[in-house]
Structures are given as structure tokens and as C-alpha cells.
Amino acid sequence: MRTVYVNGDYVPEAEARVSVFDRGFLFADGVYEVTSVLGGKLIDFDGHAARLERSLAELDMPMPMDADALLAVHRRLVEENGIDEGLVYLQVTRGAADRDFAYPDPAPAQTVVLFTQEKPGLADSPAAARGIRVVSIPDRRWARRDIKTVQLLYPSMGKMEAKGRGADDAWMVEDGAVTEGTSNNAYIVVGDTIVTRHLGEEILHGITRAAVLRMAREAQMRVEERAFTIEEAQGATEAFVTSASTFVTPVVEIDGAPVGDGTPGPVARRLREIYLDEARAKGR
Ligand code: PMP
């Protein structure tokens with residue numbers, strides 16, 4: 001049985017408790033982060049901690065503890081649960097209070113939950129080798145996607161629609177342009193240029209995105225941050241997605257049309273390699 005962290009305590013998962021009045025449960029009034037673990041080390045921890053602080057601030061919530069203390073909790077869970085490859089999930093909510101749309105005043109104690117998930121073969125996944133197939137769906141999420149809230153129902157519905165249509169995932173489209181994947185940022189390669197949507201309130205500012213774009217530029221690859229359409233993506237030489245738990249994963253088919261020759265391309269392959277090498281070297 002896993003050990004999980006709940007509000008200061010390390011407890012067996014079966015003993016972990018959160019109130020039915022928790023605003024995370026009642027209002028999705030909470031934010032989360034997922035940090036991957038490779039070789040027992042946390043990947044991009046600083047980026048995830050920084051984004052957590054930003055998401056909380058956008059909702060007028062403080063950090064429940066400083067980044068060093070958070071790191072210590074992450075490390076203890078990785079250690080106690082013997083995680084070599086996997087992830088640490090963290091969720092912070094505004095806490096429990098009588099149900100009322102207004103934020104409770106005074107603020108209740110925040111709810112802080114962390115747990116691990118073991119994912120053997122995370123770095124060596126079949127999806128990375130084979131590439132994934134995506135379908136396009138309208139982006140019907142709320143308009144502040146830059147805040148990493150736990151209201152993930154639409155992305156979850158999108159993933160189910162993709163599966164129902166025989167694909168692996170969905171890319172969401174708004175005003176004719178791709179925003180992002182249900183749980184990842186989306187990229188295409190046009191000529192010698194890597195194209196991914198510019199940052200804004202329309203997409204989550206991926207921590208993996210920031211790292212991969214930095215590495216691409218360091219490797220003298222061209223990067224353009226702009227919107228693109230499904231049609232442009234279908235005509236691109238390559239497509240791929242990034243996220244903390246999938247790193248860089250090639251996309252080989254979009255709405256039934258093969259991308260390039262329908263197999264993972266060299267840019268995605270190379271970026272995945274560079275990302276994993278640096279992640280392993282710099283993991284905390
Ligand atoms: N966009 C969305 C909508 C996501 O849910 C995620 C994963 N949490 C990402 C992008 C990728 O972000 P990151 O690289 O920080 O995991």
C-alpha cells in the first residue's frame with residue numbers, strides 16, 4: 001500500500017481523508033502539479049513549484065509551504081514508495097468550508113495532498129516509439145487555461161472521444177487554431193521550424209514546453225511561437241506533444257491523415273533524447 005501525504009501527515013493511502021466540504025471537491029477550487037520521476041529523481045521540480053505558486057496567486061491563495069519544504073515532501077514520498085520511474089501528483093485546494101460561492105473569509109486551512117504513481121517504462125514507452133494518433137475537437141474549456149486547476153472534465157471527455165474515434169488523444173481547436181492537447185502542448189515542424197502556439201490565457205504554460213523550446217534553441221533549431229491550424233498540421237513534416245509525464249511524444253496521424261510519412265520524425269526523436277538526457281542529469 002502506498003504512503004500518501006495529507007495535510008502534514010504521511011499515511012497509508014487507505015487512511016487518507018479529505019472533507020466532503022472541501023472546495024476542491026465542491027467547486028474544483030484547487031490547483032495541481034505533476035512532476036515526473038526518472039531514476040528516483042524529480043524532473044523539472046523548480047519549474048513545477050514556480051507554476052504552482054503562480055496558479056495559486058491567480059486564485060488569491062498562498063503557497064502552503066515554501067518550495068524547499070515541498071521538495072522534501074516529494075522526495076520523502078518517492079523514497080518511501082520506492083519510485084524509480086513514475087510521477088508525483090500534488091494538489092492544493094482552498095480547503096473545507098460551508099458551501100458558498102464566495103471564497104471563505106477568513107480563509108480555511110488549505111488542503112494539501114500528494115501521492116505517487118509508479119510508471120515502469122515511462123522513459124521507454126511504446127507510444128514514443130510508435131507515435132500517437134490524435135483527432136481534433138472544439139476547445140470548450142474555460143478561458144483561463146493558464147491556471148492549472150483541477151477542473152479537468154472537458155479534457156477527460158476529449159480523451160474519451162478520441163478513444164471512441166480510434167485515436168490516442170485529442171487536439172483542441174478554437175477560432176480555427178489548435179490550442180493544445182487534452183493534457184499536453186502541441187507542436188508541428190514546418191520546413192526547418194518548430195511551431196507551437198504562443199503563450200497566453202488560452203493554453204497551459206507547460207514546464208516541459210519551456211525546457212524543450214530552450215533546448216531546441218540551444219541546439220540551433222528554429223522555433224516559432226504562433227497559432228497553427230489542423231490543416232497546416234496535417235501538411236507538416238512532423239508533429240509532437242510535450243508534457244511532464246510523456247516528455248516529447250511524436251504525433252503520426254491527425255484526423256485520419258498521416259503526418260509526414262506517418263512515422264515518428266527526427267526532430268521529435270532528437271528532442272526527446274536531448275530532454276531525457278538533461279532530465280536525468282539535472283533531476284533533483
Ligand atoms: N497542457 C495541458 C492542458 C496539460 O494538462 C498539460 C499537462 N499537465 C500540459 C499542457 C503540459 O504541461 P507540463 O509540461 O507542465 O506537464
Side-chain angles (χ1 to χ4, degrees), residues 28 30-38 42-56 58 67 70 74 86-92 114 117 119 122-123 125 127-128 132 134 136-162 168-174 177-188 194 196-216 225 227-228 239-249 251 268 271-272 274-276 278-279 282-284:
V31 301
Y32 75 108
E33 283 295 333
V34 175
T35 304
S36 62
V37 178
L38 289 178
L42 294 152
I43 308 310
D44 273 334
F45 176 81
D46 296 348
H48 290 286
R51 185 173 60 190
L52 173 67
E53 184 163 10
R54 180 185 178 278
S55 292
L56 288 166
E58 291 297 310
L70 264 185
H74 279 70
L87 56 86
V88 180
Y89 175 90
L90 164 156
Q91 181 170 329
V92 179
L114 286 90
Q117 277 185 197
K119 301 258 181 193
L122 188 67
S125 77
I132 62 168
V134 304
S136 60
I137 60 171
D139 197 334
R140 295 196 172 126
R141 297 173 299 166
W142 80 326
R144 289 301 307 276
R145 303 156 194 156
D146 56 313
I147 310 175
K148 196 166 170 59
T149 74
V150 296
Q151 39 168 334
L152 296 174
L153 186 54
Y154 188 72
S156 184
M157 291 167 70
K159 195 80 103 174
M160 293 310 292
E161 176 167 345
D168 304 292
D169 203 354
W171 277 11
M172 294 178 279
V173 174
E174 185 171 60
V178 174
T179 51
E180 57 189 331
T182 59
S183 61
N184 44 59
N185 290 114
Y187 306 73
I188 57 175
I194 298 163
T196 193
R197 190 175 177 108
H198 51 283
L199 295 178
E201 294 181 350
E202 301 78 20
I203 64 166
L204 184 73
H205 302 190
I207 301 306
T208 318
R209 176 188 184 280
V212 164
L213 292 187
R214 173 178 53 77
M215 290 172 201
E225 295 177 65
F228 60 87
F240 59 93
V241 293
T242 67
S243 77
S245 53
T246 63
F247 315 116
V248 178
T249 298
V251 170
L271 285 174
R272 183 177 175 92
I274 298 174
Y275 181 81
L276 285 173
E278 186 177 309
K282 292 198 179 157
R284 303 187 67 184

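Count residues from 1 along the sequence. Note that ligands are numbered from 1 as they come in the structure, with each ligand's atoms numbered from 1 the same way.
- Nearest protein heavy-atom contact of atom 14 (O) of ligand 1 is T208 OG1, 2.6 Å.
- For the pairing with N184, the side-chain hydrogen bond (donor to acceptor under 3.5 Å, both in side chains) check across T246, T242, D169 returns one residue only, D169.
- Considering NE2 of H74 and CG of L90, their distance stands at 5.0 Å, rounded to 0.5 Å.
- Residues F240 and R272 are not in side-chain contact: their nearest non-hydrogen atoms beyond the backbone lie 4.5 Å or more apart.
- Backbone and side-chain nitrogen or oxygen atoms of L204 are examined, and none is located within less than 3.5 angstrom of a nitrogen or oxygen of ligand 1.
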Could you please spell out the steps behind the salt bridge (Lys or Arg N to Asp or Glu O under 4.0 Å) verdict for K148 and E33? CA-CA 7 Å; K148 196 166 170 59; E33 283 295 333; 5.3 Å; no
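- When non-hydrogen atoms are compared, ligand 1 lies under 4.0 Å from the backbone of N184 (N, CA, C, O) but not from its side chain.
- Below 4.0 Å from some heavy atom of G206 lie the following atoms of ligand 1, by number and element: 12 (O), 13 (P), 14 (O), 15 (O).
- Contacts with ligand 1 closer than 4.0 Å are made by no heavy atom of I203, backbone or side chain.
- Under a 4.0 Å criterion applied to the non-hydrogen atoms of N185, ligand 1 contributes the atoms 10 (C), 11 (C).
- Atoms of ligand 1 lying under 4.0 Å from any heavy atom of A244, numbered from 1 in the order shown and given with element: 13 (P), 14 (O), 16 (O).
- Every atom of ligand 1 is numbered from 1 in the order shown, and the set under 4.0 Å from a heavy atom of R141 is 3 (C).
- Of the residues E202, Q151, E180, E174, the one that meets the side-chain hydrogen bond (donor to acceptor under 3.5 Å, both in side chains) test with R141 is E180.
- At the shortest separation from atom 7 (C) of ligand 1 among protein heavy atoms lies S183 O, 3.3 Å.
- Two residues are said to be in side-chain contact when any heavy atoms from C-beta on lie closer than 4.5 Å; D139 and R145 meet this criterion.
- Across all non-hydrogen atoms, the minimal contact from R197 to A227 is NH1-CB, 4.1 Å.
- Nearest heavy-atom pair, H205 versus G200, reported as atom, atom and distance to 0.1 Å: NE2-O, 2.9 Å.
- Not a single heavy atom of D44 lies less than 4.0 angstrom from ligand 1.
- Between M215 and Y275, the closest side-chain pair of non-hydrogen atoms falls below 4.5 Å.
- Set against the non-hydrogen atoms of K148, the atoms of ligand 1 under 4.0 Å away are 7 (C), 8 (N).
- Contacts of R51 with ligand 1, taken as heavy-atom pairs under 4.0 Å, involve the side chain alone.
- In this structure, atom 2 (C) of ligand 1 lies nearest to the protein heavy atom E180 OE1, 3.4 Å.
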